[in-house]
Structure formats: structure tokens, C-alpha cells
Protein chains: 4
Amino acid sequence: MAGSIFGRQFCVSTWGESHGKGIGVVIDGCPAGLSLCEADIQSYLDRRRPGQSRYSTPRKEADQVEILSGVFEGRTTGTPISLLVANTSQRSGDYREIASYYRPGHADYTFDKKYGFRDYRGGGRSSGRETIGRVAAGAVAAKILGELGIAFQTYTRSIGPVCIDYERFSWEEANRNPLYMPDAQAAFHAQEYLQQCMQEQNSAGGVIECVISRVPAGLGDPCFEKLEANLAKALLSIGAVKGFEIGDGFLAARSTGAENNDAFYMDEKGRVQKASNHGGGTLGGISDGSPLVFRAAVKPTPSISREQQTVTREGEAVKVQVKGRHDPIIVPRAVVVVEAMAALVLVDALFSGMTARMEYLGKIWGSGIPEK
Amino acid sequence: MAGSIFGRQFCVSTWGESHGKGIGVVIDGCPAGLSLCEADIQSYLDRRRPGQSRYSTPRKEADQVEILSGVFEGRTTGTPISLLVANTSQRSGDYREIASYYRPGHADYTFDKKYGFRDYRGGGRSSGRETIGRVAAGAVAAKILGELGIAFQTYTRSIGPVCIDYERFSWEEANRNPLYMPDAQAAFHAQEYLQQCMQEQNSAGGVIECVISRVPAGLGDPCFEKLEANLAKALLSIGAVKGFEIGDGFLAARSTGAENNDAFYMDEKGRVQKASNHGGGTLGGISDGSPLVFRAAVKPTPSISREQQTVTREGEAVKVQVKGRHDPIIVPRAVVVVEAMAALVLVDALFSGMTARMEYLGKIWGSGIPEK
Amino acid sequence: MAGSIFGRQFCVSTWGESHGKGIGVVIDGCPAGLSLCEADIQSYLDRRRPGQSRYSTPRKEADQVEILSGVFEGRTTGTPISLLVANTSQRSGDYREIASYYRPGHADYTFDKKYGFRDYRGGGRSSGRETIGRVAAGAVAAKILGELGIAFQTYTRSIGPVCIDYERFSWEEANRNPLYMPDAQAAFHAQEYLQQCMQEQNSAGGVIECVISRVPAGLGDPCFEKLEANLAKALLSIGAVKGFEIGDGFLAARSTGAENNDAFYMDEKGRVQKASNHGGGTLGGISDGSPLVFRAAVKPTPSISREQQTVTREGEAVKVQVKGRHDPIIVPRAVVVVEAMAALVLVDALFSGMTARMEYLGKIWGSGIPEK
Amino acid sequence: MAGSIFGRQFCVSTWGESHGKGIGVVIDGCPAGLSLCEADIQSYLDRRRPGQSRYSTPRKEADQVEILSGVFEGRTTGTPISLLVANTSQRSGDYREIASYYRPGHADYTFDKKYGFRDYRGGGRSSGRETIGRVAAGAVAAKILGELGIAFQTYTRSIGPVCIDYERFSWEEANRNPLYMPDAQAAFHAQEYLQQCMQEQNSAGGVIECVISRVPAGLGDPCFEKLEANLAKALLSIGAVKGFEIGDGFLAARSTGAENNDAFYMDEKGRVQKASNHGGGTLGGISDGSPLVFRAAVKPTPSISREQQTVTREGEAVKVQVKGRHDPIIVPRAVVVVEAMAALVLVDALFSGMTARMEYLGKIWGSGIPEK
């Protein structure tokens, strides 16, 4: 069953395994006339590239993207955009041992149960490298959104027990430290915590937060295609994400209606505004013009060199230490993945919303109809 | 844009407004040969029916379901199943006033922004009555799952600050108290808390938990169609749900790899098992044979009779008190909605998984092919 | 597997059997603000209603449509539109015998092979009454298209060996005779032919032609979603349709490039026009601004009272005469079904085309984005 | 809007322009465990490769396929299969002139109307090279079908006025002559006809026929997803195809019920059979166990070197001769494209049919469910 296609109108179809020939994505449904070049996409890919700090794997991966189709003379043509990142840094030897047993916290066992066997090299399709296709497609989506003025801030909200303090929030700082934390003090403590984890041959998780501003009101649908429903799916589809919340999220469940309701008022320019944003930017599944604010909970990296208990494919109990070049934390590298997935959802909602009203049809087709 | 269709192979298409002629759903993709009658569906609908306790609206809604198609001589025929629940208890007069202003925490404003106007009677399509179609379809999905031995336990985990204690967990108790809490002591304290909210013209939220046991390993897909991704979308598509987590969820983000990884072992019957279930029943988006455990955070009912600040459609600031017959908490009635949505996701995953291996094709089609 | 949902953005989900409680359709994706009432739909349904001439079944079917949702104060709200036609004229007794054997030319045998059993009353889901849902939804689609100036002429091109002569084409005549033939002389000869068929306990087929004018250039997609591909699927999905062609169709296969190519020229108003329309209104799957011209071949009614050879469910050879109230020809009643299906395709193409260019996004969302 | 994705469960996403870096396809939904190598696919691609006779373009295109993902140790893994054919023989200079005017019978004009501009090199996305992705994916689909015993015969039925005589039908002959005609005498006359066309700087069309045998009864759905509906869409989605018919097709429209109905009988092995196959292998949209027989009408190649009348992008009338290396007929090279598209439809119908009955669920999942 097809499971690697995302989106209804801006459809992305990703492919590729960790140790195959490459990773890629086909984008079907990008409007014609968008200015696009490889650098637009590369800047996104570079944000997830490993080897940039001591908290990510020392593997060197160039991850250079190539546009194979759909762009002509610097602009998208409206036809499918095929993007390719060749694999260049596979050391399959590292992984041969894991063919024989099931790594705890990994998909080895479930792939065997579903498919009968698996491409065990580097995790195959369940490798973190699978996200390359998402990020490449998300870069194109983000470029479309940018043209409409929609802007993203995605960052690390917490690592293990260390959470940012919003009083110290600094967007510049988020791009300065290797953890993408917008609070220098929290970033410092988080690094201390990570070093301790590494010393103990352990790993850490964290929470990623995404704030999208200048989103038009009216995006999303009232029922199954609620904006937050698609965001939740998009984020939970990222490996290692175990939770999603929008606005006050789980805290809202402990709040009361009087506290949690966001009052409306008119601003000085005569626009309806909300006095607070407990809802996180949607009401009834539809954007309300406030910033979208949502979070993803990321579990600790399952690959740890500490000894663990597991079984072989044949069912024999074994003790294992997962070798290879692994990140002690994947949160910083997953920040751009969260942003990419959110961009895909938002573009799709924008496209879907273009048929919400009869009057919109006339704006596009009114002049296209030949005279009698 | 279509937003009221859910599912890829077991597709449900819901329709209906709070104060229209009825609410319904069409199920397309139900296999032939399932024994099905109206009572199978009615028992699910009765679980969400209001008027059963002092914590739900005193409206009397019979909510009798009628099967209009797709069932012949007590069995499904494989063709679309149309289910109808006629609306019988609308008092539109209660709602006329809300046509003029935007209720805080409701979708009035966003419907106007999206569609230009709205059916304001009882919330129209964004009413809680919209869930009737989900529950009716979910009852059919649950019946299919039941035939395969898959079983659900869905209940209220917390209301406001009151959480169940798993040491006192009792499934019988969950069906005994009006809050569907599987802990009598928590249910008692939660009711005290709700009475206080009602006295203060306020409302409460809570967390719903769903545990699905006897799920085959191998359901779900490695990439965008991860089992937890579809569960997250399904639950976030329910009005008032603001968060989703599977397994340890947001707690996992504070844990370490050594704690969070679930070790594998062989049980006495030679089956692979997990020593713990921090993951909540999936690895890499695919079920691992452990129970699925996930939660939804539900915000407090936005309709409160306490005075609130808002604006009219014309932009005038007004103070409002939302009248009508509203639940001080929607969590207990939403329990069955969560279960229904989860059942829809699981049936779809089961169906999708039937083409995961070449050998499965032969099991169905091997004998159907005419000889040369 | 779901098979009763049609359309990508304007999605219709039909349901209902010949002898069940009713027939209906849910339309998901209709823009808000379309003026719509039951009479708009009824006028389409009346065109397929039987009992209007001696060439259609003498069954009396009121086929009154009821709008159950999605319309408020005379306008569509953007939420699903549920349409219901109650069944009122079933005489199940007529059909009981056919439960035991397989009618030649009908789906009795294939339903049994697919589903294991069937609702045999009146053909169940494979009855001609299944088209009621299509026509009701098509009426809504046609209303949308009408607002944009797009106009349909659908008529009977031939019955058995009798074809219209385009020199005598008269649109008024098409609505005057019971066969919907736009040529009085051909209609006269076709009626003679049909009377002969009826005397011989036989039935006839024919060809339906549809011409859609004032279609904007630019609808349809270059690859799998070619406009003619979706029209072909739509028409072949109608029971008894065995062929489809656009423009010169099968004749084009015998033509040459020099004859078949349509030359371009500029008209006096400076618009690009085609000197001929061998292509039938598309080039490369995309509308070119010329009228869309396409045809469906309809097989003779399989239900004939003449004796036929077949087998019972148990495999015994039997001779049967199909009783019941059947049309000697279904072409005239299928004319509106063809038009309805074409309207569904065209609305979907219009909606899809709204994201073809970046500049279109700005036309809808440019002003919706809040200022910084 | 996405238009380059085909299939519901066996989904193929094609991409690539005539003169871009390559052409490719991603297959999502192929079951795990299919033996697959590049030679399996190459043999299909070779059937559409140009330069094999005087009736196809003298361009030399190697069209070597490369498997980039989804296959491990010779078997499919269940994850997306990415296939790439690099472009190697582009002479863009040939095409620069056509940037300025609209070629009759081509999609130049409609691309401009839809997208605002176009990749004019070699027809861009509307080039015949677009079919490479279809054929590569179809080869994988055909391999799956072959494992179930389903077999294809696809051939040229007619070229211009020359039609095969079924009395002389020879499947060996179809693979012997360059026109894929299964009748040596017709192939001889067709070649005479083509030489005359070439002398007159003209081109020809024809009809392709496909016969699929050993198809299980029960494939396809009763309503919109009729097997013939999906075949019609698949074939009409191929550039230059203008018509589709199944079984007797347009001839059925002139027939009578008594002639056209296929009688049932029991064969000597106790199986239900049809005495004739006017229907072409389906009843009510569902396969009946007889061979599927259907045809596509292909228009004459629009690129002819004879002088034609057209207009420039600026609207000036011009006379043009289309230069470049073009086929005088595309029918022989389109034979494998028709087969590939039909294979995609059939695999999807097989997959969809696996959930038609409750008993099928047990065959797959019965043993997968863990004991209580």
C-alpha cells in the first residue's frame, strides 16, 4: 500500500533508503511561475545536515540536491519537480551486524513483521535520511508561502529537562547555537545535559516548537481536514515524534473555559483580533489569523552504545551495543523537518481554500471564458 | 474543497448540521458479508447521547439510526452503507442571537472568514452533533475489528486537575460512573470539581485515553502513513481536541534512550515480546503487537454562561453570555468519538496492509484465476 | 474497496440500491454561496425519470429529491450537501426469480463472484436507479458551470442504425421528441426501429453526444489527468456504456495528420481560434477554448423478454425470459446521465486549475493575509 | 494541481521532460518480495525505443533504466521504487524555433493558456518521452500480474485504412514485423500505406488492441471504479489517444439485446462460461473471467513536414513546417504504452479487490493476531 505520498493538491512522493543510490522526492502540483533554483532547496537541506556540531553524527554527508525536472529558465513550469540527493557516505559494513537482531526502539522488528524481510543497511527506509525528501519538498512549499508573506520560526523548545524561558526568547540566538534554542542560557544548560548523556552512553529527547505568522484566516476545513489535524499527521509522520499539541495543548485539558477562551476585540485598524492565543491559531479547524503555534515531542535517539537486551531474528536472547555514527540527540536536526512538514500542510490548505467560495471561481475563470 | 471524507479504503463521508434535517454518513468500502443491524450502531450512538447525567446537556435527543442501504438480509453487501439520524430536538430560537456576534472559542468567526457566511443555528456543521456520523461509521469499523479479535478500552483519564490512579484502574468502574473514569475515587473528585465549575458558570477539559489490544504486528506504513500519524489526524480532527500523544508521548521528550527503549525478549511460547511499552505499540510507524496506547487532550467547553468579551459581525465590541443547553464538560461524551475515530484508522491500516507482501496476493487470488 | 466516490475536489459519494429505502448522494467540496434549491436538482432528475413515453419503462417513479444538509437560506454553505430520493415504487416480487439464475448481460454473476452474494432485488446497486445520485450531483455541478457561462447540449446521436443528420440539426427538436434526437426525421425512423425491436421482444442501443461550449482554455492536466481521460472514465462508469471518443475519435485513427490537425488563426477580435475541431476541444489533455465534443456508445438493454440461455447459481442450464418493467432502449434516459457525469468532470477540472499559476494564488490570498 | 500520479494503491508518480536531465517514475505500493531487476524493466522500455525501423524517428535513445531504491538483494522491499532513465540524445537546437509559434495538433497553445509559458524544448512534458515513466512502472505491474498467471497480448489492429484479418491472426507475426501487427498481409499493406504517407509529408494513425487473459472474475467495482472506466481513463491519458472501446464497443450501439447478450453455460469442468464475449470481459464493471478485450484509437502524428497554417505567440499568422526527427506513425511504439497502462489498472483492481469480502480479511490477518 502506498505510504510515501503526502498532500492532496501539492503532492509529494518521497523515496530512498539510507544506503541505496540516493534519496529523492517528486513534487506534483506546484504552480507554474515560481522562481526556483537548487540553492533555495540546499539552504533547507543544510539545516538538517549532520556533522555540524559535536551533538550530531560525525558522518560527512554533502547532501547536494539536483533538480531533475519541472524548472525551466529559473521558473517552475507547473509539471512535476523531481529532486535528487545522491548518497555518498555509506559505510554499509557498520550495519551488517544489525541484520541479525532487532535493535530496541527501532523499526527492525516491525519491518520484518510487515514485509517479511528488510533492507537492514543503515535502517533502510526508516533511516533519518528518509527526511531528506521531506525537507527538499518543504523548501519548495516554504518558498511559495514566503511569496504570500507567510513566515516561520521553528526552534528547539526543550531538551531533556531543560526548557527555554520565553522571557529570554531571542530568534537570533536560535540560529547561533548548535541546538537551535532561542535562549542562550537554556542552550548552555542543554549542552551540559547532553554531554552528561554522552558520557553515560545515553541519549536525550526534546520538544520542537513552530510558530507561523501572517497566516490568512480561513485555512483548513471544519471536519476531518482541520488544519491542526493535518499538522498533527504531518508531525507524527516524522520518525521519533511521539506527541503533538497546538496552542495550550495538554495544558488546555487542565484549564477552564473562562481561562482558555480567547476574547475577540477590534484593533485600531478595524480588524478582528484575539486578546490571547490559547487556541494556537485555529478555531474549529480553521485558521483565525493569529499565529499558528504547535509543538512536537521527540523521543530520545534509540541508538545508544550502552548495552541493551534484545533478541535475534531467530529468537535468541542477546545483549547488544548499537555501533555506528549516531546523534546523541536528533532534536536540532529535526527542527527543519518539522518546519518542512508544516509548510507542506499549509500550502495544501491554501490550495484547498481557493474553492471555498463561488466568488473565488470568478476571480480566476471570469476572464478566461470565451465570449459567446 | 472536500473535507468531510475520511479514510483511504474504508472511506466515510459525513454530512449534516446541528439544526438541519438530519446527520448522516456514507461508508464506502465495507467488505461484504459482515453481519450488521441498526442495534450494532445504536449501541455506539447511545454512548455519546446527551441527557444521561447532570454533566451533559439536558437536551433530549433520541438519535435513532436508520440503515438506508448496503445491507441485505442482515449482512453487508459490499456496496455503500448509508446511515441516517434524523434531527428531532432543535430549538433554533435559542441560537438566533449568536448569528450577530462571534462566540469566543467557537468557529463562528473562522466560518465567516472562510465561507463568507454561516449556518449559525446551533453551530451548524461545527456543532458537536457532527460527531454522530463519525460514531455511526466507527461502530461499523469496530464490528469488523471485533471479528478479528481486536478490542478497545477507551476512557476518561483526567478531568481538569483530577487524574486516574492506575493502581485503582477498574474497567468495570469506567462503565459505572457518568464520567467514564476507570477509577471510582478519581471519578468522585472529578464530579466535585465539575460541580464547582458549574457553580462558577465555567467549564472543564480533560484527557481521553484509548488502549487497543490484540492488534496484529505489521499495521501502518514506514513514512507518511505511520499508524500514529493517522491516529493523530483522526483525533485532532475531533472538535476541541488540542493534543495527541502515543505511549509516553511528551514525557518521552524528557526521558533518555536507556529508559525509553523497550527491550525485546522471547516469551515462553516463543513469541517476540517487549519488556515494556514506552512506545505505545508502534515502532517506526508500524504496530509491534503490543497494545496501542494513545491520548487526546480536550479543551474546556467554550460555551459558558459567564460574561465574555467579543465583537459583532459588524465589529462592535459587546459583552455576551452564551445561552442554550451546553455540557459543562464534553470529555465523557467524546470518549466514544475517540474510539470511533481510532477504529476507522485501524480498519484502514488493516486493509492497506493486505498488499504488503506478494505472498498475500496469492492467498486471495491464487484460486480465483481460471485455468489455461 | 471504496468505489462509489467520484472527483478529487468536488467529491460525490453515491449510495443506494434499486429496492432499498432510497438513493442518495453526498457532495463534499461545493463552494459556499451558490444559490441552490430542490427545483434546480429536480429538473435534472425529471429528465431521467421513466414513464414518460412508450420507449421507457411504465414504472411510475416520483423520484422527488430532498436536500438534507449544506444549504442555508437558499445558498450553499460550503459544507457537505446530502441529497435523498426515497424509493417508492418497488415491486420486489417481480425480481424474486432472478435470485436463482444469472441474467445474460447483467452483473448478477460478477456480483456473486466478487462479493459472494448479492442484493438481487431489481439489480440492487447495479440497477439503473443508481444513476439518480449521479444526476442529482451533476445538477449541482451544472449550476456552478452555468454561473461561469459554460453551456451543455447533450442528445441522442443514433439509435441502432439510425443516425442524425447534422444538416437537419435542431436543438429545439431534441427537447421535443421522446428520444432526445435533434433531428425530427431521424427521430421518426428511430421510433419505427424501436417498435420493431419491441415486437420482436428485443432491444436497441445507441450513441449519445455531448457538446460543451464556452469552456475556458487551460482546463485539464498534461499527464494522467487529461480532460478527455477523466471524461472517458466518467462515461465508461455509467452502466451499459461500452465506448468513448472525443472529437473525431475512432475516425481520427483512419485520418492523416494533414487532415486531422486543426490549424490556428486569429479572429477579428484578436483571439486565437481553430479553423476546425477534429480534436474535440482539447490539445495534450488541456481544453483549447473550442467546444468539447465527445460521445458514448450505449449497448442494447440486456433485459429482453425473448427466451435466453443461461445457468442457475447452482450451475444448472436454464432457459429464461427476463420479466419486469424494462426500457426497450436506455439511451434517451441516459442522455442526462452523460451530461451529469461530464459536469462533474468539468467542475473538478475548473477547481484543479485554480492552482496552475502562482499569480492565481495572489488573486485569492493576496488581500487575506494580515499586515505585519 | 497534481496530475502526474496514477493509481489508488499501486501509485505511480511520473516526472520528466523531453529535454531535461531525465525521465522517471516512483512506484509506491509495490508489495515486498517481488523478484525484480533492471532487465525486467528494460525489456519493456526497449519495445517503445525509437530508431528500430524506418517508421520511427531515427533518433538514437539508449533509454537505460536504473533502479534507485526499493529493491534489496533482488527483491522489492515494499518501499518506494524509484526508476530513472537519463536523457542522452537531446538536440535542443532543433526545437528552438517552435518556441515562437503554436504547432497544430500539439499542446503548445494549451500549455501557454494553462501555465502562462512552457518548456518548449521537444514538447517538454507533453513529449512522447513522457511515456517512459508509464512503461517502466507498467513493467513492474506486469511482472506482478505474471506471477498470478495473467497474460497480455497487445498489438496494432489497424493503421490508417488497413485492418488485420482475425482469420490470419498470428501472435508470432506481431513480434516479427516492425508494426506489431499480428497479420503479415495487413502489415505488408500498412507499410505500403505508410510509405505513401511519408512521400506526401503526411502521417497516419491507427487502432491498438489489448487482450488480457486469465483475469480472475470479480475485479472492478460496480459504480465509478468500473474496470472499463479505469481502463478508459488509463488509455485516454496517453497522448494522441482519441477513443476507447471495450468488447464490441461502438458496434454494440448498433446491435440488439438478443445479439449482444452473452449467454452463460457450464463447461465440462463445471465452471460458468460465456458462449461469446461481446461484452469484452466485464459485466457491470466487474471482470467475468473471460478475456478482457479493449481498443484505443490513436490519431495521426501531428508533427508533419508539410506546410501548415498557424499563429505565433504574438498572434501573427504564419506558415510552418515542423522539423525534427518525428515518427510518421506512433501506433507501433504506443503498443507497449497501452499494455503498461492496462497493467497498472489491473494491479490496482487486484489490490482493491482484496477487501471485497470479510472472509478475505481472515486469510491475511487470521494468524497475525496475537493470542489473548
Side-chain angles (χ1 to χ4, degrees), chain B residues 8-10 28-35 75-80 143-145 147-151 213-219 221-225 267 269 271 273 287 289-291 347-348 350-372, chain D residues 8-10 28-35 75-80 143-145 147-151 213-219 221-225 267 269 271 273 287 289-291 347-348 350-372:
Chain B
R8 298 191 293 172
Q9 296 184 265
F10 189 87
D28 192 12
C30 184
L34 177 71
S35 165
R75 287 187 299 162
T76 57
T77 60
T79 59
K143 183 125 205 237
I144 294 172
L145 297 171
E147 302 246 328
L148 297 170
I150 298 169
S213 51
R214 292 175 42 76
V215 176
L219 298 190
D221 285 282
C223 186
F224 299 122
E225 302 294 331
D267 70 9
K269 294 191 180 168
R271 295 170 308 196
Q273 302 279 10
S287 64
S290 304
V347 161
D348 227 30
L350 269 167
F351 286 10
S352 295
M354 291 180 73
T355 55
R357 303 188 192 187
M358 280 302 289
E359 64 193 85
Y360 293 167
L361 302 187
K363 286 193 185 184
I364 306 297
W365 297 117
S367 59
I369 296 176
E371 293 171 33
K372 275 179 217 187
Chain D
R8 298 192 292 171
Q9 294 184 266
F10 189 87
D28 191 12
C30 185
L34 176 72
S35 165
R75 285 186 300 161
T76 57
T77 60
T79 59
K143 183 125 205 236
I144 293 171
L145 297 172
E147 303 247 327
L148 296 172
I150 297 169
S213 51
R214 289 172 47 74
V215 176
L219 299 189
D221 285 281
C223 186
F224 299 122
E225 301 296 329
D267 70 7
K269 294 189 180 169
R271 295 169 308 196
Q273 302 279 9
S287 64
S290 305
V347 161
D348 227 30
L350 270 166
F351 287 11
S352 295
M354 291 180 74
T355 56
R357 302 190 193 186
M358 281 300 293
E359 65 193 84
Y360 293 166
L361 303 187
K363 287 193 184 183
I364 305 298
W365 298 117
S367 59
I369 296 176
E371 294 172 32
K372 278 180 215 188

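Model, not experiment: these values are computed from the prediction. Labels below follow one simple rule: chain letters A, B, ... track the order of the sequence lines, proteins then strands, and each chain is numbered from 1.
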Legend entry - For D:Thr76, side chain to side chain contact (heavy atoms under 4.5 Å, CB included) partners two or more places apart: D:Cys30, D:Leu34, D:Leu36, D:Val71, D:Ile81
Inset, instruction - Give, for atom CZ of D:Arg8 and atom CD of B:Gln9, the distance between the pair rounded to the nearest 0.5 Å. - result: 8.5 Å
Inset, instruction - Rounded to the nearest 0.5 Å, what's the gap from CZ on B:Phe351 to OG1 on D:Thr355? Could you check? - result: 5.5 Å
Inset, instruction - Return the minimal non-hydrogen interatomic distance between B:Met358 and D:Gly33, and the atom names on each side. - result: CG-C, 3.8 Å
Inset, instruction - Answer with side chain, backbone, both or neither: which region of D:Leu350 has an atom nearer than 4.5 Å to a non-hydrogen atom of chain B? - result: both
Inset, instruction - Output all residues satisfying salt bridge (Lys or Arg N to Asp or Glu O under 4.0 Å) with D:Glu359, sequence neighbours left out; order by chain, then residue number. - result: D:Arg357
Inset, instruction - Determine the minimum heavy-atom distance between D:Met354 and B:Trp365, stating which atoms define it. - result: CG-NE1, 3.4 Å
